[in-house]
Amino acid sequence: MTARTHDMHLLTLAPLLLLVTPGDEPPSKPPSPDVAGKVHRWESSDGLAFEYRVPKDYDAEVGANITFILHGSNLSRRWGFANHDAKTFRPDDIVVSPDGTTSNGNGGFNFLQGRDDLERLHALHDELRETFNVRATYLYGHSQGSFFSFYYAGAYPDDVQGLVGQASGVWIGTEAGKKHHHQAVVLMHGTSDPVVPYGQSVGGLTFYEDARYPHARLRSLDGWNHWPTQHHTSQQLAWCEAMSTEDPARIVAAFEDLDGVDEALDPVAFREVAERVLALEDVPSRTRKAAEKAVEEVDEAAGDHAAAIAKSVGKKNRGRKLEDAAWVGHAPLYFRHFRGVPACDELFDDWESTLKAHDKVAKKIGRSFWDDLEGDPADAFDAGLELVEGAFMRRATQDDEFLTKLEELADDAKDNGIGRKQQKAYDEAVPVLRSAIEKGQKAFEKVDRRYR
């Protein structure tokens, strides 16, 4: 690990590549080891169109994984390789990007929550397994395709070893139980997603935790929107494979994928895969040393974050009262990005009562602000202030859109029926939180910079 645990910089808005001209269509050839290395298109026996790429060094004796890319609403198979480079995305896998299982009648497709949709993708899955020696199957779903990926993995537990769902949540009716516990599950979500709220994935993680999945996690992308991001998806799929396979060679391959990341590395995923390597009996000494270093450096980074937070907050406050100090913004970031690392878990447990108090306030009045925003701005303002004062460590309270709306209400206080007492409370809270968030981001970066 060459000093790079995580990127706190707001990720640059990237275009969602959707438009592809007919002339850009890849060659039409049936799946076969003979067409390895390039993207081709084909249809399943019932007409489900898909694009696919077989790894250029595919060996039928060794086999390969299949990774499905499942697109969002009203898109098509073209979305997969338009947003995930065929040369660099899961290069050891057979990557398959199908149309959604139900046509929208206007040239786009959807993955719907129906038995027919499940069976249609499963039929394609079976056809591919008849053609290739498939070691394991992983899913990456985005938006609606993400909801469907969890649904599909629940319906066919024996056929799916791991999945990454980005920008969604979990549909009611998705199966999860002991027979699914071999699966590794990642919910990945941008904290600034304007399409599907980040909280959907927070709830999705609770769903899998309640089902006692041994390998389920939330990967938060701070400042990110709804768009796909191959860099992060690749890391989470590497984690899924390392957590779900017993093949030492594939565990090492997953670690090497993560060890080669130059920036925006997920520290917890890296550490957990390194621990999988260290549990193997026969590992090259160079790889073992790299894994030992990875665990050591992530632990050291987590410890430095905890020390910086402790220094900022002081013993008397311990996270209970809002103040213009770095810990207010630093601690939530730390908990999002280092949970699972001992130093972070220790601090989280120490602050558990405080965090539960923030959760209680947020659950009680969290929706009141947004529900009252148009009809009763004065009530919305009161609810917003209560959130800032009593749930300021919640991600939703630190969200820029929420704070901006609250500031807009204050800017037009007279027309919104906001009295002087409310304005005074606002002046003592909202600017303080804004300043503390900025300080916290800088403090997080200062520690993180040592490990990039």
Side-chain angles (χ1 to χ4, degrees), residues 31 50-55 58 62-71 77 79-81 83-86 88-98 111 118 121-122 124-129 131-143 145-168 170 174 176 180-188 204 208 213-219 228-247 249-258 266 269 272-273 276:
F50 61 95
E51 293 185 357
Y52 69 96
R53 186 222 62 215
V54 180
Y58 174 77
V62 176
N65 302 326
I66 286 180
T67 293
F68 282 101
I69 298 176
L70 307 181
H71 62 72
R77 63 190 182 278
W79 184 89
F81 289 111
N83 290 280
H84 303 85
D85 191 306
T88 59
F89 182 70
R90 301 292 292 172
D92 295 340
D93 290 7
I94 300 161
V95 179
V96 182
S97 179
F111 292 98
L118 288 172
L121 183 62
H122 194 248
L124 169 59
H125 196 174
D126 280 342
E127 289 179 24
L128 292 168
R129 286 183 292 189
T131 302
F132 299 104
N133 176 10
V134 177
R135 291 190 304 247
T137 296
Y138 299 95
L139 310 176
Y140 164 63
H142 179 264
S143 197
S146 175
F147 283 100
F148 187 82
S149 68
F150 297 123
Y151 189 55
Y152 185 86
Y156 301 105
D158 294 338
D159 298 328
V160 177
Q161 283 62 54
L163 60 153
V164 177
Q166 181 185 355
S168 74
V170 180
T174 298
H180 301 81
H181 282 184
H182 62 282
Q183 294 175 338
V185 177
V186 178
L187 297 105
M188 187 168 72
Y208 285 109
Y213 273 56
H215 300 300
R217 63 193 305 265
L218 170 62
R219 174 56 171 160
T229 166
Q230 176 180 323
H231 178 75
H232 292 282
T233 302
S234 295
Q235 290 185 56
Q236 300 314 310
L237 286 169
W239 178 85
C240 284
E241 183 172 12
M243 294 298 109
S244 62
T245 185
E246 297 301 324
D247 183 348
R250 295 310 305 166
I251 294 172
V252 169
F255 172 73
E256 290 175 346
D257 283 349
L258 291 168
D266 179 349
E272 291 186 354
V273 174
R276 283 284 278 157

Colleague: Tell me the salt bridge (Lys or Arg N to Asp or Glu O under 4.0 Å) pairs involving residues 152-162, sequence neighbours left out?
Modeller: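 Matches after skipping sequence neighbours: Arg129-Asp159.
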Colleague: I need the Ile94 CD1 to Leu128 CG distance, nearest 0.5 Å.
Modeller: 7.5 Å
Colleague: Residues two or more places apart in sequence or in another chain: which of them pass side chain to side chain donor-acceptor pair (under 3.5 Å) with Arg53?
Modeller: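 Not a single residue meets the side chain to side chain donor-acceptor pair (under 3.5 Å) criterion with Arg53.
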Colleague: Just so I know, are the side chains of Phe148 and Leu139 near enough to count as touching, which here means a heavy-atom distance under 4.5 Å?
Modeller: no
Colleague: How would you list, by chain and number, every residue that makes a side chain to side chain donor-acceptor pair (under 3.5 Å) with Gln236, sequence neighbours excluded?
Modeller: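 Only Arg217, Asp266 meet the side chain to side chain donor-acceptor pair (under 3.5 Å) criterion with Gln236.
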Colleague: For Ser244, check side chain to side chain donor-acceptor pair (under 3.5 Å) against everything at least two apart and list the hits.
Modeller: Tyr138
Colleague: Test of understanding: with side chain to side chain donor-acceptor pair (under 3.5 Å), list the residues that count as partners of Thr233, not counting sequence neighbours.
Modeller: none
Colleague: Any chance you could measure Gln161, atom CD, to His215, atom NE2, to the nearest 0.5 Å?
Modeller: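 Result: 13.0 Å between the selected atoms.
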Colleague: For Thr245, is there any backbone N or O sitting under 3.5 Å from a side-chain donor or acceptor partner on Arg276?
Modeller: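 Side chain of Arg276 to backbone of Thr245: a pair is present.
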Colleague: Could you tell me if the side chain of Tyr140 sits less than 4.5 Å from the side chain of Val95, heavy atoms only?
Modeller: no
Colleague: Does the side-chain contact (heavy atoms from CB on, under 4.5 Å) test come out yes or no for Glu127 and Thr131, once each step is laid out?
Modeller: CA-CA 7 Å; Glu127 289 179 24; Thr131 302; 5.8 Å; no
Colleague: Under 3.5 Å, side chain of His180 to main-chain N/O of Pro157, donor-acceptor pair present?
Modeller: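 No, the answer is negative, given that no donor and acceptor are paired below the 3.5 Å cut-off.
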Colleague: Evaluate the ring planes of Tyr58 and Phe132, with Trp represented by its six-membered ring, and classify them as parallel (under 30°), tilted (30 to 60°) or perpendicular (over 60°).
Modeller: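 Perpendicular: the ring planes of Tyr58 and Phe132 meet at over 60°.
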Colleague: Which pair of heavy atoms, one from Ser168 and one from Ser143, lies closest together, and at what distance?
Modeller: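 Shortest heavy-atom contact: CB-O, 3.5 Å.
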Colleague: Quick one: list whatever passes salt bridge (Lys or Arg N to Asp or Glu O under 4.0 Å) with Asp257, sequence neighbours left out.
Modeller: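 Counting only residues at least two positions away or on another chain, Asp257 forms no salt bridge (Lys or Arg N to Asp or Glu O under 4.0 Å).
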Colleague: What's the verdict on side-chain contact (heavy atoms from CB on, under 4.5 Å) for Asp92 and Arg250, showing C-alpha distance, side-chain angles and the deciding distance?
Modeller: CA-CA 10 Å; Asp92 295 340; Arg250 295 310 305 166; 3.3 Å; yes
Colleague: Ala216 and Tyr208: which non-hydrogen atoms are nearest, and at how many Å?
Modeller: CB-CB, 3.8 Å
Colleague: Testing the basics here: between Gly141 and Ser146, what is the closest heavy-atom pair and its distance to 0.1 Å?
Modeller: O-CB, 3.2 Å
Colleague: Checking the side chain of Gln183 only, and the main-chain atoms of Val160 only, is there a donor and an acceptor separated by less than 3.5 Å?
Modeller: yes
Colleague: How long is the gap from CG on Leu163 to OG1 on Thr137, to the nearest 0.5 Å?
Modeller: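 Atom-to-atom, Leu163:CG and Thr137:OG1 are 11.5 Å apart.
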Colleague: With sequence neighbours excluded, what pairs up with His125 under the ring-ring contact (aromatic ring centres under 6.0 Å, His included) test?
Modeller: Phe68
Colleague: Could you tell me which non-hydrogen atom of Pro228 sits nearest to which non-hydrogen atom of Trp79, and how far apart they are?
Modeller: CG-CZ2, 3.5 Å
Colleague: In chain order, what residues pass the ring-ring contact (aromatic ring centres under 6.0 Å, His included) check against Tyr156, with sequence neighbours excluded?
Modeller: His122, Tyr152
Colleague: Quick check: closest heavy atoms across Phe111 and Pro98, and the distance to 0.1 Å?
Modeller: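 Closest pair (atom of Phe111, atom of Pro98, distance): CZ-O, 4.0 Å.
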Colleague: Just jot down the salt bridge (Lys or Arg N to Asp or Glu O under 4.0 Å) partners of Asp247, sequence neighbours excluded, or say none.
Modeller: none
Colleague: Nearest 0.5 Å, please: how far is CZ in Phe50 from CG in Leu124?
Modeller: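 Reported to 0.5 Å precision, the distance equals 5.0 Å.
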Colleague: Taking all non-hydrogen atoms of both residues, which atom of Ala64 and which atom of Pro55 are closest, and how far apart?
Modeller: CB-CG, 4.4 Å
Colleague: Has His142 got a side-chain atom pairing as donor or acceptor with Ile69's backbone, closer than 3.5 angstrom?
Modeller: no
Colleague: Could you work out, with ring-ring contact (aromatic ring centres under 6.0 Å, His included) as the rule, every residue matching His181, not counting sequence neighbours?
Modeller: Tyr213
Colleague: Listed by chain and number, what are the side chain to side chain contact (heavy atoms under 4.5 Å, CB included) partners of Gln230, not counting sequence neighbours?
Modeller: His84, Asp85, Thr88, Phe89, Ser234
Colleague: Only counting residues at least two apart or in another chain, list the ones meeting salt bridge (Lys or Arg N to Asp or Glu O under 4.0 Å) with Arg77.
Modeller: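 Expected list: Glu25, Asp99.
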Colleague: Does Arg90 form a side-chain contact (heavy atoms from CB on, under 4.5 Å) with Asn65? I'd like the steps, not just the answer.
Modeller: CA-CA 9 Å; Arg90 301 292 292 172; Asn65 302 326; 3.9 Å; yes
Colleague: Go through the steps for Met243 and Val273 under the test side-chain contact (heavy atoms from CB on, under 4.5 Å), then give the verdict.
Modeller: CA-CA 7 Å; Met243 294 298 109; Val273 174; 4.2 Å; yes
Colleague: Can you measure from CG (Leu121) to CG (Leu70) and round to the nearest 0.5 angstrom?
Modeller: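 Rounded to the nearest 0.5 Å, the CG-CG separation comes to 6.0 Å.
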Colleague: What distance separates His71 NE2 from Ser97 OG, expressed to the nearest 0.5 Å?
Modeller: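 With rounding to 0.5 Å, NE2 (His71) is 7.0 Å from OG (Ser97).
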